[in-house]
Number of protein chains: 2
Amino acid sequence: MIQDIAQQETFFHSRLFKGLSKEDMQEVAGFTKSKRLKAGSYLFRQHSKATHAYTLISGALMLERTSQSGRRQVIDFSHPGNFIGITNNDEFEFSVYCLRDAHLQCYVRNNFLELADRNPVLKNNIRRTGSNVLTHTLDQLFALGQKKAHERVCYLLHELSLRQSGTDRETIDLFMNRQDIADYLGLTIETVSRAFSKLKKDGIIAVDSPHRVRIVEHEQLDTLASAR
Amino acid sequence: MIQDIAQQETFFHSRLFKGLSKEDMQEVAGFTKSKRLKAGSYLFRQHSKATHAYTLISGALMLERTSQSGRRQVIDFSHPGNFIGITNNDEFEFSVYCLRDAHLQCYVRNNFLELADRNPVLKNNIRRTGSNVLTHTLDQLFALGQKKAHERVCYLLHELSLRQSGTDRETIDLFMNRQDIADYLGLTIETVSRAFSKLKKDGIIAVDSPHRVRIVEHEQLDTLASAR
DNA sequence: CGCGTTGTTGACGAGTATCAACTATTGTGG
DNA sequence: CCACAATAGTTGATACTCGTCAACAACGCG
């Protein structure tokens with residue numbers, strides 16, 4: 001119950017709707033549906049028609065892209081509050097996989113865009129969200145092109161630390177597995193594992209369990225994350 | 001003179017203005033200026049105000065991004081016909097450097113966006129162009145994350161082959177230097193050089209001069225370009 | 001023609017992938 | 001709730017790729 005209120009807050013305070021009036025929000029509510037998604041299923045697939053857009057209320061998602069030869073590149077991980085499905089194309093350019101049982105707000109794309117046409121605030125918010133996708137991808141590009149394995153892992157931990165909800169920036173909940181991390185950072189699972197071991201040995205992080213990591217030396221982690 | 005006609009053609013047949021009426025084009029012309037840029041100078045810098053947008057008529061540009069630590073990631077190379085400066089943000093997320101004396105069409109951003117608001121065709125074209133930037137970046141991400149040095153070089157050659165104007169898909173004009181290629185592919189100049197040598201030895205390309213390469217085995221090149 | 005810049009090649013070492021064995025964790029049925 | 005199996009993660013040995021440093025070659029320009 002307390003969690004449900006927190007979830008609603010996440011919805012209304014999402015960057016996407018920041019600055020919208022009560023009336024606007026009611027119109028949004030008119031073409032919005034709630035959706036539950038089980039971990040292990042897909043929200044939508046690469047190349048499917050982009051009929052809807054989504055806000056993640058709770059749970060965790062993963063954006064991935066598969067090449068012709070079947071190899072996967074993980075593009076991003078989604079936290080509550082994130083907006084998914086803003087695409088300039090009519091088709092999605094990636095698949096969205098559910099890592100943890102999720103609750104989403106689901107908007108009809110055409111209604112959404114139409115409202116955005118009339119509402120400069122929303123329009124601007126959407127534009128900025130889209131821009132952030134590109135900025136993020138460019139940062140990732142830099143990480144893959146320039147950084148070493150353990151620096152890439154720091155980059156991920158730094159990102160997760162900033163984005164996860166709640167006030168605790170130290171304890172990081174790794175809701176993805178090692179293969180997902182590897183495919184995100186352009187590494188193998190073994191190298192990712194070794195990177196964690198190295199960071200642990202150097203006293204920068206503490207690994208409580210494979211999916212629960214604490215940042216011990218935040219500054220050193222940040223330095224490594226933005227190295228090169 | 002003949003070249004000038006060709007350049008005009010490039011402007012009017014640009015994907016950006018595809019499907020626009022004569023009247024629309026006249027309005028576009030109203031807030032459009034011609035601009036010449038010397039090789040070695042910047043069209044605009046990262047973080048500068050995005051007041052204008054551009055179409056490249058002739059010459060060659062390079063999109064790059066610099067990290068806090070001063071390291072450079074080349075994002076893309078621009079050919080005649082390409083649209084530059086579509087950004088969701090108010091600031092540019094990258095710098096644009098002129099590799100070869102360029103002729104550009106230069107639009108006032110606000111007028112441009114305002115017309116786009118009224119004109120669904122143009123709006124759609126802009127949206128698609130923006131989408132292509134993301135798609136391209138995602139492809140590059142995949143290349144950096146998954147491919148080997150010589151495969152990345154093939155990926156670049158394949159791209160250049162597809163995009164360069166003219167009918168000759170075999171002879172490739174490398175208007176950037178080895179450092180630019182290295183920073184685009186996340187490699188060092190030595191590795192890039194060795195990759196060219198290997199492809200030459202394997203009979204896939206012929207290197208007429210450092211900036212002039214012929215594709216001998218197109219199929220093999222494509223296979224390597226899309227490997228993994 | 002000499003000089004600076006750009007590109008190539010070689011030797012070597014650091015870093016990452018691969019293969020394999022092992023350990024920890026999670027899930028399932030009794 | 002436990003035992004066991006299946007899955008996920010870690011560690012070690014080794015090979016290969018790529019980066020680094022250094023020398024050399026080719027090109028462009030005054």
Side-chain angles (χ1 to χ4, degrees), chain A residues 38-40 62 69 71-74 97 99-101 142-157 172-202 205-213 224 227-228, chain B residues 39-40 62 69 71-74 99-100 143-157 172-202 205-213 224 227-228:
Chain A
K38 279 278 167 201
M62 174 169 65
S69 51
R71 262 177 96 127
R72 183 181 74 150
Q73 174 69 50
V74 172
Y97 180 83
L99 285 170
R100 277 205 186 150
D101 289 3
F142 186 81
L144 296 207
Q146 316 275 357
K147 292 190 213 293
K148 297 193 183 177
H150 68 281
E151 294 166 346
R152 296 188 207 180
V153 170
C154 287
Y155 165 73
L156 171 63
L157 293 177
I172 292 177
D173 179 18
L174 293 172
F175 50 77
M176 69 297 282
N177 66 28
R178 293 293 189 270
Q179 188 63 62
D180 300 331
I181 296 176
D183 288 349
Y184 178 69
L185 297 174
L187 300 167
T188 59
I189 45 172
E190 293 94 331
T191 302
V192 170
S193 185
R194 275 185 254 270
F196 275 112
S197 301
K198 178 184 164 56
L199 294 172
K200 183 180 167 185
K201 182 173 71 78
D202 294 349
I205 60 169
V207 183
D208 298 341
S209 91
H211 293 282
R212 196 166 196 82
V213 165
L224 287 169
R228 281 146 207 285
Chain B
M62 174 169 63
S69 52
R71 263 177 96 127
R72 183 180 74 151
Q73 173 70 51
V74 172
L99 285 169
R100 277 205 184 147
L144 296 208
Q146 316 275 355
K147 292 192 214 292
K148 297 195 180 173
H150 68 280
E151 292 166 347
R152 296 187 206 181
V153 170
C154 289
Y155 165 72
L156 171 65
L157 293 177
I172 292 178
D173 180 15
L174 292 172
F175 50 77
M176 67 298 283
N177 67 28
R178 294 293 188 267
Q179 187 63 61
D180 299 332
I181 297 177
D183 288 347
Y184 178 68
L185 298 175
L187 300 167
T188 60
I189 47 173
E190 294 94 333
T191 302
V192 170
S193 185
R194 273 185 255 272
F196 275 113
S197 301
K198 178 184 162 57
L199 294 172
K200 183 182 168 186
K201 185 174 67 78
D202 294 350
I205 62 170
V207 183
D208 298 341
S209 91
H211 294 281
R212 195 165 197 82
V213 165
L224 286 169
R228 280 147 210 281

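To find a chain, count down the sequence lines: A is the first, B the second, and so on, and within it residues start at 1. All heavy atoms count here, side chains included; hydrogens, waters and symmetry mates do not.
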Item checked: For atom CD1 of B/Ile189 and atom P of C/dT9, their distance in whole Å -> 13 Å
Next item on the list: List for me each residue that meets side-chain hydrogen bond (donor to acceptor under 3.5 Å, both in side chains) alongside B/Asp173, sequence neighbours excluded, and say none if there are none.
Entry: B/Arg100
Next item on the list: Figure out the CG/P separation between A/Asp180 and D/dG9, and round it to whole Å.
Entry: 8 Å
Margin query: Distance check needed: C/dT16 C1' versus A/Gln146 CD, whole Å only.
Written below: 17 Å
Check: Would you say a side-chain N or O of A/His211 is under 4.0 Å from OP1 or OP2 of D/dA8?
Finding: no
Note to self: Expressed as a whole number of angstroms, how long is the span from A/Lys200:NZ to D/dG9:P?
What the structure shows: 15 Å
Checklist line | Heavy-atom protein contacts under 4.0 Å, nucleotides 15-30 of chain D, coded B base, S sugar-phosphate only, - none | finding: --SSBBB---------
Check: How large an angle, rounded to 10°, do the end axes of the helix from C/dC1-D/dG30 to C/dG30-D/dC1 enclose when each is built from five base pairs?
Finding: 40°
Check: What's the NZ-P distance between A/Lys201 and D/dG12, to the nearest Å?
Finding: 12 Å
Notebook entry, point to check: Does the side chain of A/Ile172 reach to within under 4.5 Å of the side chain of A/Ile205, using non-hydrogen atoms?
Noted result: no
Margin query: Using whole Å, what does the distance between atom C1' of nucleotide C/dT9 and atom CG of B/Leu199 come to?
Written below: 16 Å
Check: Is it true that a side-chain atom of A/Asp180 and a backbone atom of A/Asn177 form a donor plus acceptor pair closer than 3.5 Å?
Finding: yes
Next item on the list: Tell me, please, which residues at least two apart from B/Arg178 pass salt bridge (Lys or Arg N to Asp or Glu O under 4.0 Å).
Entry: none
Next item on the list: Kindly indicate whether the side chain of B/Met62, heavy atoms from C-beta on, has any atom under 4.5 Å from the side chain of B/Asp183.
Entry: no
Margin query: Restricting to side-chain hydrogen bond (donor to acceptor under 3.5 Å, both in side chains), what partner residues turn up for B/Arg212, sequence neighbours left out?
Written below: none
Next item on the list: Starting from C1' on D/dG9, measure out to CZ on A/Arg212 and report it in whole angstrom.
Entry: 18 Å
Next item on the list: Take the protein atom CZ of A/Arg178 and the nucleotide atom P of C/dT25, then report the distance between them rounded to whole Å.
Entry: 11 Å
Item checked: A/Gln146 side chain to A/Arg228 side chain, donor-acceptor N/O pair below 3.5 angstrom -> no
Residues 186-194 of chain B, side-chain donor-acceptor partners within the protein, below 3.5 Å, at least two apart:
unit_1   : atom_1 : unit_2   : atom_2 : d
B/Thr188 : OG1    : B/Thr191 : N      : 3.3
B/Thr188 : OG1    : B/Thr191 : OG1    : 3.0

Next item on the list: Could you go through the side chain to side chain contact (heavy atoms under 4.5 Å, CB included) check for A/Tyr155 and A/Phe142 one step at a time?
Entry: CA-CA 11 Å; A/Tyr155 165 73; A/Phe142 186 81; over 6 Å; no
